[in-house]
Amino acid sequence: MSHVPIEVLHRINPLHAVLDKTGHIIQAGPTLRKVAGADIEGRRFLEIFEVYRPRAITGMSPLLQAEGRKLHLRLRGGVRTPLKGVLAADDNGGAVISLSFGISVVDAVRDYALTSTDFAPTDLAIEMLYLVEAKSAAMDASRNLNTRLQGAMVAAEERAFTDTLTGLRNRRAADQLLEKLCRSGRPFSLVHIDLDFFKQVNDTMGHAAGDHVLKAAARIMGEMARKEDVAARVGGDEFVMIFADLVSRRRLSDISTQLIKRIEEPVPFEGQECKISASIGISISDGTVLEPAQMLEMADIALYASKRAGRAQFRFHEDEVLAGEILPQNVAAEN
């Protein structure tokens with residue numbers, strides 16, 4: 001490599017090393033000296049750097065055999081900065097290794113106080129160095145950007161789990177919570193609510209009235225849910241309420257009675273009154289591991305028993321089992 005002027009290599013890539021046939025560094029770029037130490041020349045390359053990919057490179061011979069392949073290496077001491085490299089052999093058994101920091105460039109700039117002169121003119125890293133040199137301004141911009149991105153992610157996730165009409169959780173959110181509770185073994189109850197006579201409101205007064213009624217019913221459920229509970233709209237006029245650690249039949253009966261009473265109150269809309277009621281089915285898990293689909297099916301059975309009993313009622317699944325209730329597989333809810 002003696003026919004290539006040192007100044008040329010320094011300009012092309014300040015982060016390079018020229019090795020002789022024994023693997024000793026006979027020439028190092030100025031940036032490499034800054035990173036690995038000013039006394040790097042004269043020392044064996046593999047004493048300073050650990051090549052961890054490809055594996056089993058412990059001497060000059062296997063190092064030469066990796067010519068043209070991307071080398072993954074890091075300093076053996078100090079900051080242990082990871083680098084990327086590629087080796088080109090010369091005609092005398094030595095080699096030139098061109099190095100770069102890859103995605104670790106920002107850390108390297110900070111750790112070694114590097115500037116644009118420490119990089120090759122064509123290195124894309126210099127395009128972003130002004131951010132590092134700006135220091136506090138760049139850090140503030142980065143923090144603000146991260147805050148905005150995190151806020152956007154939270155907002156997007158919130159939208160993904162929210163019913164746009166009522167503001168309650170949606171089916172996706174309810175399914176996720178059911179899955180979590182079923183797997184955890186925690187006791188909980190599932191209350192399935194279907195609005196009676198909702199179809200008549202839609203048919204006679206229009207969809208705007210129907211939407212108004214749905215929002216009113218959702219508001220009632222939201223007000224009756226505790227902070228740790230979830231109220232969700234899972235279908236057109238179907239809702240569920242999930243109560244973690246609440247399995248008291250007396251308490252659930254009180255909640256269901258209040259729900260029915262409040263939902264039965266006429267809802268004013270453009271000078272008219274919308275009248276609906278609610279049928280409710282309740283399934284309870286005592287901590288036994290069940291599948292979410294089982295809990296939903298159990299609540300459905302109790303719900304349809306409430307419908308057949310005259311609507312505006314609630315039923316517990318276990319009571320229907322004890323009563324010997326057998327339902328067809330595809331029962332359509334009547335509104």
Below 3.5 Å, can you tabulate the donor-acceptor pairs from side chains in residues 30-39 to any protein atom, sequence neighbours excluded?
| residue | atom | partner | partner atom | Å |
| --- | --- | --- | --- | --- |
| T31 | OG1 | D118 | O | 2.6 |
| R33 | NH2 | A28 | O | 3.0 |
| R33 | NH2 | E41 | OE2 | 2.9 |
| K34 | NZ | D118 | OD1 | 3.3 |
| K34 | NZ | D118 | OD2 | 3.0 |

So does R315 get a backbone contact from the side chain of S306, meaning a donor-acceptor N/O pair under 3.5 Å?
yes

Using atom types as modelled and distance alone, determine if a side-chain donor or acceptor of R80 lies under 3.5 Å from a backbone N or O of R76.
yes

What's the shortest heavy-atom distance between S285 and V247, and which atoms?
O-CG1, 3.7 Å

Under 3.5 Å donor-acceptor, N170 side chain and A160 backbone
yes

Any chain of hydrophobic side-chain contacts (each under 4.5 Å) joining L99 to V106?
yes

Measure the spacing between CZ of F316 and OG of S253 and express it to the nearest 0.5 Å.
3.5 Å

Using side-chain heavy atoms (C-beta onward) and a distance below 4.5 Å, is M224 in contact with R262?
yes

Pairing of D175 and R172 as salt bridge, 4.0 angstrom limit
no

Heavy-atom closest pair, residues L195 and K307:
O-NZ, 4.2 Å

What heavy-atom pair brings A299 and L190 nearest, and what distance separates the two atoms?
CB-CD2, 4.1 Å

Output yes when R11 and E7 qualify as a salt bridge under the 4.0 Å nitrogen-oxygen rule, no when they do not.
no

Hydrophobic clusters here meaning ILVMFWY residues chained together by side-chain heavy-atom distances under 4.5 Å, can you tell me if V79 and F119 are in one?
yes

Ignoring hydrogens and geometry, is there a side-chain-to-backbone donor-acceptor pair from D196 to S279 under 3.5 Å?
yes

Heavy atoms of other groups near R55 CZ, more than 12 under 6.0 Å
no

With distance as the sole test, does D90 use its side chain to make a donor-acceptor pair with the main-chain N or O of G93 at under 3.5 Å?
yes

Tell me, please, which residues at least two apart from R53 pass side-chain contact (heavy atoms from CB on, under 4.5 Å).
H72

What's the shortest heavy-atom distance between A309 and Q313, and which atoms?
O-NE2, 2.8 Å

Same apolar cluster (I L V M F W Y, side chains within < 4.5 Å links), L73/L75
yes

Answer yes if the side chains of T81 and R74 hold a donor-acceptor pair under 3.5 Å, and no otherwise.
no

Please find the pair of heavy atoms, one from A278 and one from I263, that lie closest to each other, and give the distance.
CB-CD1, 3.9 Å

Does anything in residues 61-71 pair up under side chain to side chain donor-acceptor pair (under 3.5 Å), and if so which pairs, sequence neighbours excluded?
none

Applying side-chain contact (heavy atoms from CB on, under 4.5 Å), name anything that partners S256, two or more places apart in sequence or on another chain.
I280, I282, F314

Is a donor on one side and an acceptor on the other found under 3.5 Å between the side chain of H192 and the backbone of S283?
no

Show your reasoning for whether side-chain contact (heavy atoms from CB on, under 4.5 Å) applies to L246 and L252.
CA-CA 8 Å; L246 197 167; L252 290 168; 3.6 Å; yes

Please say which of L168, I220, L259 ends up in a side-chain contact (heavy atoms from CB on, under 4.5 Å) with F239.
L168

Could you tell me which residues satisfy side-chain contact (heavy atoms from CB on, under 4.5 Å) with K21, sequence neighbours excluded, listed by chain and number?
none

Would you confirm whether N92, through its side chain, and G94, through its main-chain N or O, come within 3.5 Å as a donor-acceptor pair?
no

Could you tell me which non-hydrogen atom of I25 sits nearest to which non-hydrogen atom of A17, and how far apart they are?
CG2-CB, 4.4 Å

Go through D194 and Y304 one step at a time and tell me if the side-chain contact (heavy atoms from CB on, under 4.5 Å) criterion holds.
CA-CA 9 Å; D194 187 90; Y304 292 126; over 6 Å; no

side-chain contact (heavy atoms from CB on, under 4.5 Å) partners of A209, counting only residues at least two apart:
V201, M205, F269, C274

Just how far is it from atom CG of L165 to atom CG of L214, taken to the nearest 0.5 Å?
6.0 Å

Stepwise, does the side-chain contact (heavy atoms from CB on, under 4.5 Å) test hold for H16 with Q27?
CA-CA 8 Å; H16 77 275; Q27 179 182 310; 3.2 Å; yes

Can you hop from V18 to V86 via hydrophobic side chains spaced under 4.5 Å?
no

Is there a side-chain contact (heavy atoms from CB on, under 4.5 Å) between C182 and F188? Walk through the geometry before answering.
CA-CA 9 Å; C182 287; F188 72 96; 3.9 Å; yes

L114 side chain near F101 side chain, heavy-atom distance below 4.5 Å:
yes

Rounded to the nearest 0.5 Å, the NE2 atom of H212 sits from the NZ atom of K215 at a distance of 8.5 Å

Side chains of E297 and H317: do they bring a donor and an acceptor to under 3.5 Å?
no

Measure the shortest side-chain to side-chain distance between M241 and D229 over non-hydrogen atoms and say whether it is less than 4.5 angstrom.
no

